[in-house]
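These numbers come from the heavy atoms of this one structure, side chains and all, not from hydrogens, waters or symmetry mates. All residue numbers in this chain count up from 1 along the given sequence.
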Amino acid sequence: MGTANARPQAALALDVGGTKLAAAVVVVGEDGPRVRCKAQVPTETERGAAHVMAAMEGLAARVLSDYRAHGAPVPVEACGAAALGCPDAAGQRVAFGANLMEGWTGMPVAANMARALGVPCVLLGDVQAHALGEARWGAAAGAQSCLCVAPGTGLGGGLVIDGKLVRGAHGLAGHLGHMQSAHAQGMRCSCGKLGHIEAVTSGVGIGALYQGADIASADFDPAIDGAWVARRASEGDERARAVLAQSGFALGSEIGSWANLIDPAVIVIGGSVRKAGAVWREALVRGYRSQALEPLIDVPLLDAALGDDAALVGAAEYALDRSARPA
Ligand SMILES: [Zn+2]
C-alpha cells in the first residue's frame with residue numbers, strides 16, 4: 001500500500017502540536033508501521049518560532065542518531081513534518097500560523113529539516129497527517145474514502161480519497177474548523193474571524209461556551225477548557241453537561257453537512273475532545289443525523305485507532321509517497 005517501492009521503507013516523522021513536539025523513525029512494512037526511537041518534548045510555542053524550529057531539528061537529529069545506533073535496519077530516506085498552522089501548496093513553508101506562534105508564518109520548515117537531516121523533507125498539516133495515518137493503517141484502513149475530524153486545542157480535519165491525501169490547491173484542504181456555523185454566531189475564532197465552528201467545538205471553544213465569553217473577550221479564562229468542563233460534568237455540574245451536549249451537537253451537525261458535500265465512506269473522530277464522555281458523544285451522533293442526507297445517515301462515525309502515533313505514521317507515509325515520485 002502507499003508507494004510502488006518495495007517495502008519496508010523508513011522515514012523520520014515529526015508531529016508538532018500546540019503542546020507537544022514528537023519525533024520518531026517510522027518503518028513501514030507490508031504488515032504495517034512500526035514507530036521506533038520516539039522522543040517527545042514540550043513545544044513551547046510561547047518562546048516563538050525560531051526556538052521551536054531549533055527544537056524540531058535537535059529532536060529529529062537525536063532520534064535519527066538513536067536509530068542509527070540501533071543498527072538502522074531500514075535506511076531513513078525521507079522526512080515528513082506534520083505541524084500546526086497552514087502549510088503552503090508545495091509542502092515547504094508555513095503559509096499562515098502567526099496566530100499560533102510568533103514568527104511561524106513563512107518558516108521554511110522543509111528546507112531547514114532537510115539541511116539538518118540530509119534527506120528530503122515535506123511539510124503538511126498535523127490533522128492532514130493524522131487523517132492519512134488513520135486511512136492507511138488505522139480506523140479507516142480499507143475504506144475508499146475517509147473524513148477525519150479532530151477537535152483538540154483547535155478543530156482540524158483531513159480528507160483521504162482512494163488512499164491519497166487531498167491537500168487542495170493551496171495546501172489547506174480539510175480546515176474544517178473554519179466553516180461558518182449557526183451554532184457559533186458572534187463567537188470569535190482562533191483565526192480571527194467570527195462565527196467559525198471551531199469557536200464552540202475545540203477544547204478552547206468548549207471553555208468559551210461554559211464561560212459565555214469568547215476568546216477575544218477580556219474576562220475569558222483559558223484555564224477553563226474542554227478537559228476542565230468534562231471533569232466538572234463528570235462531577236455532576238449541570239451547566240457543564242449542557243455545554244458538552246451543545247458543543248457535541250454543533251460539531252455533529254457540521255460533520256453531517258460536510259458529509260453531504262464529500263460523501264465519505266467513513267468518518268474518523270480523533271482529537272482530545274473525543275474523551276469528553278457519553279453526553280458529548282451522544283449529542284454528536286444526534287447532531288450528525290439532524291443534518292446528513294438520508295443515504296448518509298448510517299455512515300460510520302469511528303474512533304481514531306492509532307492514538308498519539310497517527311500523525312507520525314501519516315507524515316512518514318506522505319514523505320515516502322513524495323520521495324517515490326520522479327523528480
Ligand atoms: Zn476560524
Side-chain angles (χ1 to χ4, degrees), residues 16-21 40-49 51-52 83-85 96-105 126-127 149-157 175-254 269-284 287 308:
V16 188
T19 54
K20 286 178 298 186
L21 160 57
Q40 193 167 293
V41 295
T43 311
E44 301 181 314
T45 52
E46 70 283 359
R47 296 181 68 178
H51 169 80
V52 171
L84 72 177
F96 176 68
N99 57 326
L100 304 163
M101 204 188 318
E102 197 181 338
W104 196 228
T105 299
D126 49 358
V127 185
V149 183
T153 308
L155 173 64
H175 270 79
L176 308 174
H178 308 287
M179 305 273 290
Q180 207 200 27
S181 167
H183 296 280
Q185 266 183 0
M187 298 288 277
R188 184 70 62 184
C189 183
S190 69
C191 72
K193 300 196 190 293
L194 273 175
H196 287 175
I197 185 68
E198 178 179 296
V200 295
T201 57
S202 64
V204 175
I206 291 172
L209 275 183
Y210 187 90
Q211 296 173 66
D214 74 21
I215 56 170
S217 74
D219 45 3
F220 174 73
D221 177 0
I224 297 177
D225 62 5
W228 187 97
V229 174
R231 201 161 50 244
R232 288 293 291 254
S234 71
E235 292 162 3
D237 180 338
E238 281 304 320
R239 179 174 173 79
R241 288 172 65 87
V243 160
L244 288 180
Q246 183 184 352
S247 180
F249 188 86
L251 181 58
S253 305
E254 200 75 13
I269 313 289
S272 55
V273 171
R274 169 167 67 90
K275 297 165 191 153
V279 170
W280 178 84
R281 179 70 190 208
E282 282 159 23
L284 179 90
D308 287 346

Could you tell me which non-hydrogen atom of [X] sits nearest to which non-hydrogen atom of [Y], and how far apart they are?
X    : Y    : answer
A240 : A233 : CB-N, 3.5 Å
S272 : G152 : OG-CA, 3.5 Å
T105 : G97  : OG1-N, 2.9 Å
A208 : D214 : CB-CA, 4.1 Å
G157 : V127 : N-CG1, 3.3 Å
G270 : P151 : O-CD, 3.1 Å

side-chain contact (heavy atoms from CB on, under 4.5 Å) between L251 and W280: does it pass, once the steps are laid out? CA-CA 10 Å; L251 181 58; W280 178 84; 3.8 Å; yes
Determine whether [X] and [Y] make a side-chain contact, defined as any pair of heavy atoms from C-beta on separated by less than 4.5 Å.
X    : Y    : answer
I269 : L284 : yes
F249 : S247 : no
V16  : D126 : no
V200 : Q246 : no
R188 : L194 : yes
W104 : T45  : no
I206 : V243 : yes
T201 : E254 : no

So how far is it from L209 CG to I224 CD1, rounded to the nearest 0.5 Å? 12.5 Å
If you apply the rule side-chain contact (heavy atoms from CB on, under 4.5 Å), what do you find for V52 with T43, and how did you get there? CA-CA 6 Å; V52 171; T43 311; 4.1 Å; yes
Excluding sequence neighbours, so at least two apart, what forms side chain to side chain contact (heavy atoms under 4.5 Å, CB included) with K20? Q40, D308
H178: what forms a side chain to side chain contact (heavy atoms under 4.5 Å, CB included) with it, not counting sequence neighbours? H175, C189, S190, C191, H196, E198
Check for me whether R232 meets the cation-pi criterion with Y210, that is, NZ or CZ under 6.0 Å from the six-membered ring centre and within 45 degrees of the ring axis. no
List the residues meeting salt bridge (charged side-chain N to carboxylate O under 4.0 Å, His left out) with R231, not counting sequence neighbours, and say none if there are none. none
Is it the case that over 12 heavy atoms from other parts of the model lie below 6.0 angstrom from the CD atom of E102? no
Please check if the number of heavy atoms outside Q185 that lie under 6.0 Å from its CD is greater than 12. no
Decide side-chain contact (heavy atoms from CB on, under 4.5 Å) for Q211 and D221; before the verdict, give the C-alpha distance in whole Å, the side-chain angles of both, and the deciding distance to 0.1 Å. CA-CA 8 Å; Q211 296 173 66; D221 177 0; 3.4 Å; yes
In sequence, state the C-alpha distance, the side-chain angles, and the governing distance for V149 and L155, and then conclude on side-chain contact (heavy atoms from CB on, under 4.5 Å). CA-CA 7 Å; V149 183; L155 173 64; 3.9 Å; yes
